[in-house]
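Residue numbers start from 1 in every chain, and the chains themselves are labelled A, B, ... in the order their sequence lines are given, proteins ahead of strands. None of the values given here were measured: they were computed from a predicted structure.
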Amino acid sequence: QTVSFDPNKPTEVDGDRAELLGGGEHVILEGNVSISQPGVILTADRMDVFRDADGDLQRVEAAGRVRYAAVTGDAIAGDRAIYFATENRLVVQGNVVVLQQGQVATAEELTYNTETGAMVMTGGDGRRVRGLLQQQGES
Amino acid sequence: EPVETVREGDVLLEADRIYREFEDGPLIAEGDVRAASGAQFLRADRVVYDIAADTVTAQGNVAVRSEDGQLFFGEDVVLSSDLRNGIVAAFAAELPPNGTLGAATAIRRESGTNELRKATYTLCRVCDEGLRRDRPTWQLKARRVIQDENKKKLTFRDAFLEIYGVPAMYVPYVQVPDPSVDRASGFLAPQIGSSSVRGTEVEVPYYWAISDYQDFTFSPRHFELLGTQWKGEYRRNTWNSSAIVQAGIIKPTNDLSAEGGNPDNVRWHWFSKYRRELPAQWTLEADVDAVSDQGYLLIYDLEPDGELQEEIGILRPDRLESNLTFDRRTENSFTDVSAWLFQTLRVREDQAFTAQALPRIRHERYFDGLGGNFTLGGSFLTLLRDDGLDSMRGSGHLRYERVKLTRGGHRFETFGELRGDLYTYRDADLGTQACNVDDRAYDACRMMFPRGGNEESFSVSRFLPTVGAEWSYPLARIGENASFIIEPRVQAVVSPDESFADDVFNEDSQFFQFDTVTLFDYNKATGLDLWEGGQRVNAGVSTTATFGQGVTVNTLVGGQFRAKSSDAFNDNTGIGEVQSDIVGAVDVNLGSNFAIDNRFRIDDDTGSFRRVESLVRGRLGRLSGRLNYLRIESDDFETDQVLDEFLVVSAALKVTKNINLAYSQAQNLDSGSTTNTQLALRLANRCAGMTILYRFDDSTVPGFQQDRELLFRVQVLGFN
Amino acid sequence: CGFRPLYASGLDGELGGPLGDVSIGDVRGPQDARDLMRSTLSKRLPPQDGDERYQMAIDLREQRRAVSVNIDSNARRFNYTLTGKVTYTDKETGERRVQNLQSVASFAVTPSQYASLVAREDAVRRAVLDLARKIELDAAFYAQDVAPTTSNETLFPESNTLDAVRQLENEARIESEREGAEAP
C-alpha cells in the first residue's frame with residue numbers, strides 16, 4: 001500500500017525561519033524545513049509552500065538536500081523537488097537516489113506518483129539511470 | 001538500515017529510462033539497457049524485471065553473455081532473475097569466421113548445456129545472387145541440438161541437409177564444432193525394415209514446429225503383418241517446465257489369440273515425463289509409463305526413447321513405473337512427497353500382487369554440531385496390493401558423523417545413529433509377489449513370512465541404535481616413474497544383536513550384494529526393512545599403483561568379522577557368519593587403450609570364487625571391444641550346481657575409412673542360450689552413409705517366437 | 001621403506017592436512033549424484049575460507065547398463081557406473097590437471113518392483129560415497145603436488161548399448177572427438 005500526502009489531512013510544517021507573503025498563500029521556509037504527516041515526511045534546506053485561497057496545499061517547491069521518506073521503506077533523495085499536491089505528483093531533479101523494496105536506483109530526474117507508487121526515472125541529458133535489483137526471496 | 005553488499009544473483013541494471021506503472025509492478029528499463037549479474041551480462045533495447053515472477057524478459061536485439069563468455073543474440077529472451085537459465089527465442093550466435101548459429105528456441109540448462117530446438121547450421125555465407133538468392137548453398141536443419149558449452153560441440157539429432165534449400169538427406173546424428181539456424185516443419189527421412197514377427201515395416205516421420213516452445217514429431221509406422229501404428233512424440237518447454245510425451249495406438253490386423261496377456265483389439269502405449277519448477281524451491285515431476293497389455297512392447301519392438309530412456313541394454317522393458325513427485329532441495333534439507341505406481345508386463349507375474357507406493361514421504365534436515373554433521377530425518381511409506389499384503393511403515397532417524405585427521409596422518413571417522421521404525425501390516429497371511437510364482441510352491445513359501453504367514457494383521461515397532469568408528473591411515477611413496485598409495489581401513493560398529501526376520505517383511509531391501517562398495521557401509525542394506533545388528537568389524541586394505549604412460553593398478557581386499565553370526569542376511573550372500581567371505585576388486589588400466597575391472601567374492605570356507613564380475617574394454621588399432629562377464633554361484637554350488645553365468649560382448653571394427661562393422665551379443669552361458677545378437681554394417685563417406693542392421697532376438701516369452709529383423713537407414717553426414 | 005603418511009600435516013584438528021588447501025568449485029551432473037557428492041565432499045574438507053590454493057571442479061556422468069539378460073529377455077542385473085572427471089586448478093600457477101575416477105555399484109530387478117526402485121536409488125548413494133572417497137584421496141595426493149597424472153581422459157567412452165547401430169555412432173563420435181582434440 002502506498003503512503004502519500006493527503007492534502008486534507010493535518011500537515012505539520014516546521015523550519016528555522018518562516019516568511020509569509022500574500023496573506024499566507026506563499027510561505028517561504030528556510031533551515032532544515034520538514035513537512036510531515038503520519039507515515040510520510042519531506043525535508044529540505046528551503047521550501048516554498050503555496051496554498052490556495054481557502055488554505056489547501058497546492059504546491060511545494062523544495063531545494064537543497066531534498067529527502068522524501070515513507071513508512072513503507074520507500075525513500076527518495078535529490079537536489080530539488082516540486083510536489084504538486086492536487087496531482088499527487090512529486091518531481092525530483094539532480095542526483096536522484098531511489099530506494100524501493102530493496103531496489104536501489106540513481107538517476108537525473110524522477111517523477112513519482114505518491115498515490116499509485118508509479119515512478120519514472122530518466123537519465124536527463126546523456127546521463128544514465130543505474131539500479132541494483134536484489135534477488136527476491138533469499139532462502 | 002544499511003543496504004547489504006551485492007550478493008550473488010543480484011542484478012546491476014543501467015538504462016536511459018526506468019519506470020514502474022504501479023507500486024510493486026514490474027520494473028521496466030528502456031534505452032540501451034545493460035544488466036549484469038556475476039559474470040553474466042545482458043544487453044537489450046527493453047528489459048522487464050518482474051519481481052513476482054522472478055524473471056527477466058529482454059526484448060529487441062538482445063545480447064547475452066553466459067558465465068564462460070559464450071555470446072548469444074536473440075530477439076526475445078526470458079531468463080530467470082539471476083540470468084542463468086531461460087529460453088531464448090529466435091537466437092543466433094556469432095561464430096567466427098563466418099558461421100552463424102541460431103535456433104528457434106534455445107534452452108539454457110543449469111548443467112551448462114544449451115538445448116537448441118529446430119536449428120539450422122551453415123558455415124557458408126548466404127549467397128546473395130543467382131537462383132537461390134536467399135538460401136545458403138547448404139544448410140543443415142535438425143530437430144534437436146545439444147550445445148555443450150565446455151566442449152564447444154554441437155550434437156545434432158535427426159538432422160536434415162538442404163542443398164540450395166532443397167531437402168536432400170537425413171542424418172540421425174552428427175557432431176560439429178561451431179554452427180548456425182532457422183526453424184521449419186518438414187519430413188524426416190523414412191526408415192525401412194523387415195522382421196520375421198512384424199513383416200516389412202516402414203516408418204515416415206514428419207516434424208511439426210507448433211510454436212517457439214513446442215514441437216511434435218508424428219511418425220506413423222506400417223507393419224505388413226500387424227497393421228499401422230499411429231505414434232508420435234510431443235515436446236513442450238517453458239522457462240520453468242518441460243514436458244515430453246511419446247505415445248502410439250494401433251488396431252492390430254493380426255490374430256492375437258496366440259499372444260499371452262489377452263490383448264484387446266485396440267492397443268496403445270504412453271511414455272511421458274513432465275517437470276515443473278514451483279516457488280520456494282519445490283519441483284513437481286510426473287512420469288507416466290503405461291501400455292495397454294503385457295505383450296505390447298514385445299510385439300511392436302518399442303521402448304521409451306531419447307530423453308525417456310533410463311537404462312541401457314535392456315531391449316524392451318518388462319516392467320513400467322509411473323510416479324508423481326513433489327520434491328524440495330535446499331542448502332540443508334531434502335523433502336520428497338511422491339506416489340509410485342508399478343505395472344508388470346511379465347506374463348507369469350500377477351499385477352494384483354504388485355505393491356503400489358501410495359504415498360512415500362521422506363524428509364531430512366542437515367545441520368552442524370559438536371564439530372561434526374547431524375542428519376535428522378523421517379519417512380512414511382504405504383505399500384498397497386489389490387490382493388496380498390498391505391504394509392505401512394513410519395521411521396525416524398538422527399545420525400551424527402565426524403571426520404578428523406591427526407597430525408601423524410591418521411584419519412578417524414566417528415558416527416552414531418538412533419533410529420525407530422513402526423510397522424503395521426494387513427492381510428499379512430496372503431504374502432507378497434516373491435511367493436506368487438506358482439500355486440504349488442505358494443503355501444511352502446508362505447511359511448517363511450513373518451509370523452509364519454499365520455497372523456492376518458499385526459504391528460511391530462523397533463528401536464535401532466548404532467555407534468561406530470573408522471580408522472584409516474593412507475601411506476604414499478612417490479617415485480620418479482612409479483608411485484604407490486596403500487591404505488589400511490578398519491571400521492568397528494556396535495548395535496544390539498536382534499533379529500527381525502520373524503517380525504518385519506523385507507519389502508524394500510530385497511536386493512543385497514556384499515562387495516567392496518558395501519563393505520564399509522555400516523548398514524549394508526539398500527532400504528530400511530533389512531537391518532544389520534550386532535557387533536562387527538569391517539576391515540580392508542586398498543592399494544593404488546601408478547606407473548608411467550597412464551598405467552595404473554588399483555586393488556582392494558576386505559571382509560567382515562562379527563562377534564556373533566546374524567540371520568539378517570539370506571544365504572548365498574557371503575555375509576552373516578562370524579567371518580564373512582572375502583570381497584575384493586582389482587582394476588588394471590593400460591594407458592587409454594585397455595582396461596580390465598574385476599570384482600569378486602571368495603568363499604572363506606572353500607576358497608572358491610562365489611561371484612566374479614569382469615569388465616574388459618580394449619582397443620587395438622581398428623578393432624575396439626567390450627566384454628562383460630558375470631558368474632554367481634550359490635554357496636553350496638558344489639552340490640546343487642545352482643549357477644548364474646552371463647556374457648555380454650560388443651565389438652566394432654573399422655574395416656576401412658568408410659566401412660564399419662559392429663557386433664554385439666548377450667549370452668546366458670549357464671543355459672547356453674543366446675538372448676540377443678546384433679550385427680551392423682555401415683558404409684559411409686564424407687557426405688552420405690547407409691546402415692544395415694541385423695538383429696536376432698531369442699526371447700521365448702510365452703506367445704512370442706524368436707524375432708529376426710533387418711533394418712535399412714540412409715544417412716547424410718554433417719561436415720566438420 | 002619410503003612410505004610416509006599422506007594426510008600427515010603437522011597440525012592436529014579438523015580435516016586439516018593437505019586437504020585444507022583444496023576448495024570445491026562447481027559440481028555438475030545428474031541432480032541426485034551431484035547434490036550428494038557436493039554435501040559428502042564438503043563434510044570431508046575443512047570449512048572453506050576462500051583463499052585455498054587449489055580448486056576442484058567435478059563433472060559427474062552416470063550410466064546404467066544391463067549386465068545379465070535372461071532368456072525371456074528380462075534384464076535382471078544392472079551396473080550403475082558413476083564417472084567423475086575432476087579438474088584441479090592451481091590458482092597460483094594457473095596450471096590445470098584432469099583426473100578421471102570411476103565407481104561401479106550393482107543393483108538388480110527383484111520380485112518386488114518397489115524394492116527394485118529402492119535398489120536403483122541406493123546404487124547412486126553407494127557409488128557417490130565410494131567415488132567421494134577416491135576423490136578425497138586423489139585430492140590429498142594432488143594438493144601435495146606429487147600427484148602423477150594417470151590417463152587423463154576416460155578410456156574411450158563406453159559404447160552404451162547392445163544396439164549395434166548406436167555402437168557405430170559412438171565410434172564416429174570418438175573419431176570426431178579425437179580429430180577435434182588433435183586439431184590445433
Undergrad: Got C:K134 and B:N554 here, is their nearest side-chain heavy-atom distance under 4.5 Å?
TA: no
Undergrad: Select, from B:D368, B:L647, B:L630, the one with the greatest count of heavy-atom pairs under 4.5 Å involving chain C.
TA: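 With the most close heavy-atom pairs to chain C, the winner is B:L630.
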Undergrad: Checking B:E487 against chain C: side chain, backbone, both or neither under 4.5 Å from a heavy atom?
TA: side chain
Undergrad: State, yes or no, whether a side-chain contact exists between B:R626 and C:R65 at a heavy-atom distance under 4.5 Å.
TA: yes
Undergrad: Taking atom types as modelled and ignoring hydrogens, do the side chains of C:R133 and B:S542 form a donor-acceptor contact shorter than 3.5 angstrom?
TA: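 No, no side-chain donor-acceptor contact under 3.5 Å.
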Undergrad: Determine the minimum heavy-atom distance between B:G409 and C:P5, stating which atoms define it.
TA: CA-CB, 4.1 Å
Undergrad: Check whether B:I632 gets within reach of chain C through its side chain, its backbone, both or neither, counting any heavy atom under 4.5 Å.
TA: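 Only the side chain of B:I632 comes within 4.5 Å of chain C.
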Undergrad: Just so I understand: if I count every heavy-atom pair under 4.5 Å between each of C:A108, C:A127, C:A105 and chain B, which residue has the most?
TA: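 So the answer, after comparing C:A108, C:A127, C:A105, is C:A108.
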Undergrad: In terms of heavy-atom proximity below 4.5 Å to chain C, should B:L383 be classed as side chain, backbone, both, or neither?
TA: side chain
Undergrad: If you measure from CG on C:L129 to OG1 on B:T518, what distance do you get to the nearest 0.5 Å?
TA: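 C:L129 CG to B:T518 OG1: 12.0 Å, rounded to 0.5 Å.
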Undergrad: Quick one, C:R126 with B:T526, criterion side-chain hydrogen bond (donor to acceptor under 3.5 Å, both in side chains). Give me CA distance, side-chain angles, the key distance, then yes/no.
TA: CA-CA 9 Å; C:R126 273 181 277 133; B:T526 55; over 6 Å; no
Undergrad: At a 4.5 Å cut-off on heavy atoms, which part of B:D597 comes close to chain C: side chain, backbone, both, or neither?
TA: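 For B:D597, side-chain heavy atoms alone lie under 4.5 Å from chain C.
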Undergrad: Checking C:S103 against chain B: side chain, backbone, both or neither under 4.5 Å from a heavy atom?
TA: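 Interface part for C:S103: neither.
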Undergrad: Rounded to the nearest 0.5 Å, how far does CD1 of B:I486 lie from CZ of C:F3?
TA: 6.0 Å
Undergrad: Set out, in order, the CA-CA distance, both residues' side-chain angles and the distance that settles side-chain contact (heavy atoms from CB on, under 4.5 Å) for B:R411 and C:E136, then state yes or no.
TA: CA-CA 12 Å; B:R411 180 184 190 281; C:E136 184 197 319; 2.7 Å; yes
Undergrad: Where do C:S112 and B:Q510 come nearest, in terms of heavy atoms and distance?
TA: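 So the two residues come closest at N-OE1, 3.2 Å.
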Undergrad: Give, for atom OG1 of B:T544 and atom CG of C:D138, the distance between the pair rounded to the nearest 0.5 Å.
TA: 9.0 Å
Undergrad: Would you give the length of the straight line joining atom CD1 of B:I485 to atom CG of C:L6, rounded to the nearest 0.5 angstrom?
TA: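 B:I485 CD1 to C:L6 CG: 5.5 Å, rounded to 0.5 Å.
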Undergrad: Give a yes or no on whether a salt bridge exists between C:R77 and B:D644, defined as a side-chain N under 4.0 angstrom from a carboxylate O.
TA: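 Between B:D644 and C:R77 there is no salt bridge, as every charged N stays at least 4.0 Å from the carboxylate O atoms.
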Undergrad: Would you call C:D35 and B:R329 a salt bridge, using N to O less than 4.0 angstrom?
TA: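 A salt bridge is present here (some side-chain N lies under 4.0 Å from a carboxylate O).
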Undergrad: If I compare all heavy atoms of C:V118 with all of B:D508, which pair ends up nearest, and what's the gap?
TA: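 Taking every non-hydrogen atom into account, CG1-O, 3.5 Å.
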Undergrad: Taking all heavy atoms of C:D122 and all of B:A525, pick out the closest pair and write down the distance.
TA: OD2-O, 4.2 Å
Undergrad: Is it the side chain or the backbone of B:L381 that comes within 4.5 Å of chain C heavy atoms, both, or neither?
TA: side chain
Undergrad: Are B:R360 and C:E121 ion-paired here, with the side-chain N under 4.0 Å from a carboxylate O?
TA: yes
Undergrad: Between atom CG of C:L117 and atom CZ of B:F511, what is the distance when rounded to the nearest 0.5 Å?
TA: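 Rounded to the nearest 0.5 Å, the CG-CZ separation comes to 14.0 Å.
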Undergrad: If I measure from the heavy atoms of chain B, does C:R38 come under 4.5 Å with its side chain, its backbone, both, or neither?
TA: neither
Undergrad: Counting only non-hydrogen atoms closer than 4.5 Å, does B:E645 touch chain C with its backbone (N, CA, C, O), its side chain (CB onward), both, or neither?
TA: neither
Undergrad: Give, as side chain, backbone, both or neither, the part of B:A585 having an atom under 4.5 angstrom from any heavy atom of chain C.
TA: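 When you check distances to chain C, no heavy atom of B:A585 falls under 4.5 Å.
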Undergrad: If I measure from the heavy atoms of chain C, does B:F520 come under 4.5 Å with its side chain, its backbone, both, or neither?
TA: neither
Undergrad: I'd like to check B:L475 versus C:R4 (side-chain heavy atoms, cut-off strictly below 4.5 Å). Are they in contact?
TA: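 No. Closest side-chain heavy atoms not under 4.5 Å.
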Undergrad: Rounded to the nearest 0.5 Å, what's the gap from NZ on C:K43 to OH on B:Y366? Could you check?
TA: 7.5 Å
Undergrad: Using side-chain heavy atoms (C-beta onward) and a distance below 4.5 Å, is C:S106 in contact with B:R599?
TA: yes
Undergrad: Heavy atoms only: give me the nearest B:R319-C:S116 pair and the separation to one decimal.
TA: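 Closest heavy-atom pair between B:R319 and C:S116: NH1-OG, 3.6 Å.
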Undergrad: Is the closest side-chain donor-acceptor distance between B:D587 and C:Q102 under 3.5 Å?
TA: no
Undergrad: Quick one: closest heavy-atom pair of B:E507 and C:Y114, and the distance?
TA: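 B:E507 and C:Y114 have their closest heavy atoms at O-CD2, 4.1 Å.
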